Amino acid sequence: MKLPVIIVNFKLYEQATGDNALELARIHERVAKETGASLAIAVNPIDLARVAEAVNIPVFAQHLDPIKFGGHTGHILPDLIKEAGAYGTLLNHAEYPIGNEKIIKSLERCREVGLFTVLCADTPETARDLVKYNPDLIAVEPPELIGGDISVSKAGPHIIENAVRMVGENKVLVGAGIRDPEDVTIALSLGAVGVLLASGVTKAKDPYLVLQRLVGGLKQA
Ligand code: G3P
């Protein structure tokens, strides 16, 4: 996956599930093709196979479980996520924290099956503690800003600076409240290699336009 990247987490917004997930994924693919920017999406496990088959951009799972084939009713098996066409997975999202033991095991299973990992952390300090487990990228998202109107870039530029300083270069994504091009430009100019966002795109009236504008922020940096 090319960096810098914009990863849009579809979560379980109605506008980003089922047939809507497919349509929104195609919009991302279109913007990626038209602009040459690196765009990726994270979709729910039910829609994953259908979406991954339909588009030619990296598709992430939103979560998986650190298990192998066997008696694990209701769990999400990393091998099947890979087989469904996923490029990688988010792990430990603020809306689905899993604790250190599961983080370590999940990262191990992802390496075994060949899934790219974006490990989420609530603070730069947590990110610093987690980087030793060797995820491919760490996404720092202050939980109190998730889904809100004020972005991490504007409310907490020091958070981005600290995260990059504590975790290292080429490793940090930031997210929470990202919704305009300036948010992206600020994040990148402070050393992040991409952004993770959701509502700014999934709840937009015109996601195509919003994505084009966000890519403008990427190019500006
Ligand atoms: O995974 C991205 C997310 O938690 C940020 O959400 O809606 O603040 O962009 P949002």
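Just follow the structure's listing: the first ligand is 1, and inside any ligand the first atom is 1. Only a predicted model underlies this, so the values are computations on that prediction, with no experimental measurement involved. Quick note: numbers below take in every heavy atom, side chains included, and nothing from hydrogens, waters or symmetry partners.
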Side chain of Q62, backbone of A42: donor and acceptor closer than 3.5 Å?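 Between the backbone of A42 and the side chain of Q62 there is a qualifying donor-acceptor contact (under 3.5 Å).
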
Is there a donor-acceptor pair closer than 3.5 Å between any side-chain N or O of K102 and the backbone N or O of N92?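 No, K102 side chain to N92 backbone: no donor-acceptor pair under 3.5 Å.
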
Pick from S151, S153, S199: which one makes a side chain to side chain donor-acceptor pair (under 3.5 Å) with R179?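 The single option meeting the side chain to side chain donor-acceptor pair (under 3.5 Å) with R179 is S199.
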
Hey, can you tell me if F10 and H28 have their rings parallel, tilted or perpendicular (30° and 60° cut-offs)? tilted

Please list, chain by chain and in numerical order, all residues satisfying side-chain contact (heavy atoms from CB on, under 4.5 Å) with K68, sequence neighbours excluded.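 Partners of K68 by the side-chain contact (heavy atoms from CB on, under 4.5 Å) criterion, ordered by chain and then number, come out as R109, E112.
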
Tabulating one pair per line, provide the atom names and distances (0.1 Å) for every N/O atom of ligand 1 that is less than 3.5 Å from a protein N/O atom.
{"residue": "ligand 1", "atom": "1 (O)", "partner": "N9", "partner atom": "ND2", "Å": "3.1"}
{"residue": "ligand 1", "atom": "1 (O)", "partner": "H93", "partner atom": "NE2", "Å": "2.8"}
{"residue": "ligand 1", "atom": "1 (O)", "partner": "E141", "partner atom": "OE2", "Å": "3.4"}
{"residue": "ligand 1", "atom": "4 (O)", "partner": "K11", "partner atom": "NZ", "Å": "3.0"}
{"residue": "ligand 1", "atom": "4 (O)", "partner": "H93", "partner atom": "NE2", "Å": "2.9"}
{"residue": "ligand 1", "atom": "4 (O)", "partner": "E141", "partner atom": "OE1", "Å": "3.1"}
{"residue": "ligand 1", "atom": "4 (O)", "partner": "E141", "partner atom": "OE2", "Å": "3.3"}
{"residue": "ligand 1", "atom": "6 (O)", "partner": "K11", "partner atom": "NZ", "Å": "3.4"}
{"residue": "ligand 1", "atom": "7 (O)", "partner": "S199", "partner atom": "N", "Å": "2.9"}
{"residue": "ligand 1", "atom": "7 (O)", "partner": "S199", "partner atom": "OG", "Å": "2.5"}
{"residue": "ligand 1", "atom": "8 (O)", "partner": "G147", "partner atom": "N", "Å": "2.6"}
{"residue": "ligand 1", "atom": "8 (O)", "partner": "G177", "partner atom": "N", "Å": "2.8"}
{"residue": "ligand 1", "atom": "9 (O)", "partner": "A198", "partner atom": "N", "Å": "2.8"}

Applying salt bridge (Lys or Arg N to Asp or Glu O under 4.0 Å) to K154 and D183, what does each step give before you reach the verdict? CA-CA 7 Å; K154 296 196 182 104; D183 296 329; 2.9 Å; yes

